[in-house]
Amino acid sequence: MAISLVVLSLGFSIVLARKGPLGGASWWDVLLLFPFVAFVLLFAFLGHELAHRQVARRLGYYAYYQAYYYLLPLAVILPLFFGFVFAAPGAVVISPYRLYGGGDPRRDEFFIAASGPVANIAFALVGLLLWETSPFWQFFAYINAWLAFFNLLPIPPLDGSKMVKTKPALWLPTIVAAGLLVWRLW
C-alpha cells in the first residue's frame, strides 16, 4: 500500500503543478505539493481500501491489499505527458470463503463494497466541516467526494456495480449523497 500511495501522490502532485493544459510541471512545485497530496490520499485512498479490508475481515473473510504494479507506472506517465491521473493502484482481494462466522454472502458483498465509498463520504464531510479554515480542507473534501462518487458508478469492477447487484435500493441513496457532495463542493 505504501508504494501505491507514493506513486499516486506523485501523479496527483504532477497534475496539480502543471501550468495549464499544455504546460509542463515545475519539479519544485511537485515537491512542495507532494506532502499535502500524500496526506489527502492517505485518507482518500488508504482509508477507502482499509475500510474494504477491515469490513471483510470483520465479516469473517480473509482479505488483503494487492497492488497492481503493472498499472502503477501509468499514475506517473499519464500526468507527465497528458495531464491527468489514471488511478488503478490496486484493490483489496477477498477470499470467497469465510474463515469464521455465518451470514448472507450477498449482504456481505454489499457491505464490503459500500465500506470504501462510505469512508470517503465521511472524510468529505469532515473536509466540509473544516471548509472555511483553509483551501487544503476544500481539496481534501473534494477529492474524497469525487472518489466516493466515481467508485459508486455501477460499472464493473467498481464498488457501485457490486452494490447494485446485491442491494440496489441501498446503492441509490449512497450515490445520490456522493453526487450531492461533489456538486456542493464543485
**Message:** Under a 3.5 Å cutoff, is there a donor and acceptor pairing between the side chains of Asp159 and His48?
**Reply:** yes
Heavy-atom closest pair (Ser4 atom, Pro89 atom, distance to 0.1 Å) is OG-O, 3.6 Å
List the steps and the verdict of side chain to side chain contact (heavy atoms under 4.5 Å, CB included) for Leu158 and Phe150.
-> CA-CA 8 Å; Leu158 299 177; Phe150 178 78; 3.9 Å; yes
* To do: Count the heavy atoms belonging to other residues, nucleotides or ligands that lie under 6.0 Å from CZ of Arg58, then report whether that count exceeds 12.
  => no
Interatomic distance, CG@Leu185 vs CG@Leu180, rounded to 0.5 Å, equals 10.5 Å
With a 6.0 Å cut-off (strictly less than), is the heavy-atom count around CZ of Phe139, excluding the residue itself, greater than 12? yes
Separation between CD (Gln138) and CG (Leu128), nearest 0.5 Å, reads 10.0 Å
Heavy-atom closest pair (Ser161 atom, Ile155 atom, distance to 0.1 Å) is CB-C, 3.7 Å
- Is a side-chain donor or acceptor of His52 paired with a backbone partner of Val92 at a separation under 3.5 angstrom? no
(request) Could you check if a side-chain atom of Asn144 sits within less than 4.5 angstrom of a side-chain atom of Leu125, using non-hydrogen atoms only? (result) no
Exercise for the section: Check step by step if ring-ring contact (aromatic ring centres under 6.0 Å, His included) holds for Tyr64 and Tyr62. Expected result: CA-CA 7 Å; Tyr64 63 94; Tyr62 177 71; 5.6 Å; yes
field: Neighbour count above 12 (heavy atom, 6.0 Å) for Ile3 CD1
entry: no
Tell me, yes or no, whether the heavy-atom count around Tyr97 atom OH, taken from other residues, nucleotides or ligands under 6.0 Å, exceeds 12.
no
CZ of Phe86 to CG of Leu74, rounded to nearest 0.5 Å, is 6.5 Å
Interatomic distance, CZ@Arg57 vs CD1@Ile94, rounded to 0.5 Å, equals 10.5 Å
Nearest heavy-atom contact between Tyr68 and Ala88 is CD1-O, 3.6 Å
With Phe123 as partner, the option from Trp146, Tyr142, Phe43 fulfilling ring pair (Phe, Tyr, Trp, His ring centres under 6.0 Å) is Phe43
Only one of Ile175, Leu172, Val164 passes side chain to side chain contact (heavy atoms under 4.5 Å, CB included) with Leu152, and that residue is Ile175
inquiry  = Is it the case that atom CZ in Phe36 sees more than 12 heavy atoms from other parts of the structure closer than 6.0 Å?
reply    = no
For Asn120 and Ala148 the tightest heavy-atom approach is CB-CB, 3.7 Å
In this structure, CG of Asp29 is separated from CD1 of Ile14 (nearest 0.5 Å) by 12.0 Å
